[in-house]
Trainee: 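Handing you a structure now.
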Amino acid sequence: MTDGFVLAVDFGGTKAGLAAVDPAGTVLADVRLPIHADRGAEQAVARTLDAARALITRVDGTLLGSGVAGPGIVLPDRVLLAPNVPGWSRLRLQEMFETALDVPATCANDVKAAALAEARWGHLHGVSTGMHVNLGTGLALAVVVDGTVLTGAHGAAGEIGYNLRLGSDTPQGGAPLEEQVGGRALGVRGRAVGGSGDAESVFALARTDSAARSFLDEALDELAVHLANAAMLVDPARITVGGGMVRSAEVVLPVLKAVVDHAVPFPPELVTARFAQDGPLVGAAALAWDGLRAR
């Protein structure tokens with residue numbers, strides 16, 4: 001098994017990342033491509049598989065397996081809680097990758113994969129009870145206990161994007177918190193204060209514009225309350241934070257830390273994740289190697 005490499009794949013909100021990884025965790029080759037979510041899930045996977053085949057030809061050695069991280073709860077015959085890409089819920093990801101590449105595939109939720117990366121090689125390594133929080137297009141967290149990522153009875157542990165918001169109507173199939181303060185929502189709502197439709201533009205504008213900063217502070221305050229509530233439930237020693245919003249860590253982390261330190265009886269350490277932007281991809285490599293060892 002140690003004479004070859006695995007393929008790691010991360011399906012993000014706008015891009016797919018792929019990497020060939022050896023047993024030591026060294027990236028031998030990698031590539032990224034836009035997934036064009038508006039065109040549907042099937043073409044996104046097909047183009048990713050084409051990129052995977054091309055990537056494999058660039059690497060000396062034998063492909064032994066693959067690990068795939070993506071949004072939602074990945075089951076053998078479908079994907080649950082993944083509404084952002086049309087048709088994603090109908091995908092049989094494991095079957096598609098195993099058929100196309102003729103090696104075993106292990107699939108998992110992207111945030112839980114990122115938490116595995118932090119537990120294995122990152123800032124949750126050696127932490128008895130920790131949490132990893134993803135602040136990106138969507139919102140979710142994962143709990144790590146003694147190096148194991150908790151999935152829950154249905155694979156939905158940590159799906160805080162579905163948390164209810166005080167004063168809002170109880171949704172039917174919606175994700176109230178994510179639809180208010182997730183990265184995609186901040187971009188859309190941020191147009192009202194001069195943003196260009198994405199969260200990054202709102203964060204940039206908030207550096208000089210008081211209305212944008214007020215909008216952002218209100219959103220981060222609400223997000224911080226939910227994070228503090230999660231910390232009180234789990235009692236972690238450390239929380240790692242990753243995802244696109246962490247590119248503005250100097251804005252995000254102080255707001256989260258202020259609320260967590262004030263509210264949580266035993267405040268956890270709050271740090272930027274080691275794999276803040278590529279956690280799911282690193283975690284997918286760990287998934288692949290773990291899947292091979294388990295066979």
Side-chain angles (χ1 to χ4, degrees), residues 6-21 27-59 63 66-72 74 79 81-94 96-97 99-101 105 107-114 117 134-140 161 175 178-179 182-191 195-204 242-248 273 275-285 287-288:
V6 297
L7 175 74
V9 180
D10 166 35
F11 286 104
T14 59
K15 295 181 177 65
L18 300 89
V21 182
V27 175
L28 306 174
D30 62 349
V31 67
R32 294 184 184 274
L33 69 154
I35 64 170
H36 301 305
D38 56 317
R39 302 178 189 174
E42 293 285 349
Q43 63 81 32
V45 175
R47 291 172 51 253
T48 300
L49 285 169
D50 287 342
R53 295 184 188 96
L55 183 70
I56 292 165
T57 64
R58 293 164 46 193
V59 181
L63 177 67
S66 67
V68 182
V74 185
V79 182
L81 304 185
N84 291 327
V85 181
W88 198 263
S89 62
R90 298 190 297 272
L91 294 180
R92 297 171 174 260
L93 279 174
Q94 180 178 348
M96 295 172 80
F97 272 81
T99 299
L101 303 179
C107 304
N109 169 266
D110 51 2
V111 178
K112 291 179 176 64
N134 179 76
L135 307 179
T137 302
L139 301 176
E178 183 173 301
E179 291 166 6
R184 187 187 303 273
L186 289 181
V188 172
R189 296 199 303 118
R191 288 194 179 102
S196 59
D198 58 83
E200 186 175 359
S201 69
V202 179
F203 276 97
M245 290 191 210
V246 183
R247 293 190 180 97
S248 299
F275 307 108
Q277 301 305 320
D278 59 356
L281 186 63
V282 176
L287 287 169

Trainee: Taking all non-hydrogen atoms of both residues into account, name the closest pair between Ala117 and Gly283 and its distance.
Mentor: CB-N, 3.6 Å

Trainee: Counting N and O atoms only, with roles assigned by atom type, does the side chain of Gln277 sit under 3.5 Å from a partner on the main chain of Gly243, one being a donor and the other an acceptor?
Mentor: yes

Trainee: Looking at OG of Ser248 and CG of Leu135, how far apart are the two atoms once the value is rounded to the nearest 0.5 Å?
Mentor: 11.0 Å

Trainee: Glu179 side chain to Gly161 main-chain N or O, any donor-acceptor pair under 3.5 Å?
Mentor: no

Trainee: Please find the pair of heavy atoms, one from Val9 and one from Thr48, that lie closest to each other, and give the distance.
Mentor: CG1-CG2, 3.9 Å

Trainee: With side chain to side chain contact (heavy atoms under 4.5 Å, CB included) as the criterion, how do Val6 and Leu287 come out once you've worked through the C-alpha distance, each side chain's angles and the decisive distance to 0.1 Å?
Mentor: CA-CA 10 Å; Val6 297; Leu287 287 169; over 6 Å; no

Trainee: Rounded to the nearest 0.5 Å, how far does CH2 of Trp88 lie from CD of Glu42?
Mentor: 10.0 Å

Trainee: Show the nearest heavy-atom pair for residues Asn109 and Pro71, with the distance to one decimal.
Mentor: ND2-C, 4.4 Å

Trainee: Roughly how far, to the nearest 0.5 Å, is OG of Ser201 from CZ of Arg191?
Mentor: 8.5 Å

Trainee: Output, in order, the C-alpha distance, side-chain angles, deciding distance and verdict of side chain to side chain contact (heavy atoms under 4.5 Å, CB included) for Lys112 and Val74.
Mentor: CA-CA 11 Å; Lys112 291 179 176 64; Val74 185; over 6 Å; no

Trainee: Please say which of Val85, Leu91, Ile35 ends up in a side chain to side chain contact (heavy atoms under 4.5 Å, CB included) with Val45.
Mentor: Leu91

Trainee: If I compare all heavy atoms of Val246 with all of Ala276, which pair ends up nearest, and what's the gap?
Mentor: CG1-CB, 4.4 Å

Trainee: Inspect the surroundings of CD in Glu200 and state if more than 12 heavy atoms from other residues, nucleotides or ligands are less than 6.0 Å away.
Mentor: no

Trainee: Roughly how far, to the nearest 0.5 Å, is the CG atom of Leu33 from the OG1 atom of Thr14?
Mentor: 10.5 Å

Trainee: I need the Asp10 CG to Asp30 CG distance, nearest 0.5 Å.
Mentor: 12.0 Å

Trainee: Starting from the C-alpha separation in whole Å, work towards a yes-or-no answer on side chain to side chain contact (heavy atoms under 4.5 Å, CB included) for Leu281 and Val27.
Mentor: CA-CA 11 Å; Leu281 186 63; Val27 175; over 6 Å; no

Trainee: Inspect the contact between Asp50 and Arg53 and indicate whether a charged nitrogen and a carboxylate oxygen are less than 4.0 angstrom apart.
Mentor: yes

Trainee: If you look at every heavy atom in Ala185 and Glu178, which pair is closest and at what distance?
Mentor: CB-O, 3.5 Å

Trainee: Within this structure, what is the CD1-CG distance for the pair Ile56 and Leu28, rounded to the nearest 0.5 Å?
Mentor: 12.0 Å

Trainee: With side chain to side chain contact (heavy atoms under 4.5 Å, CB included) as the criterion, how do Val68 and Phe11 come out once you've worked through the C-alpha distance, each side chain's angles and the decisive distance to 0.1 Å?
Mentor: CA-CA 8 Å; Val68 182; Phe11 286 104; 3.8 Å; yes

Trainee: Indicate the atoms forming the closest heavy-atom contact of Ala51 with Val31, along with that distance.
Mentor: CB-CG1, 4.5 Å

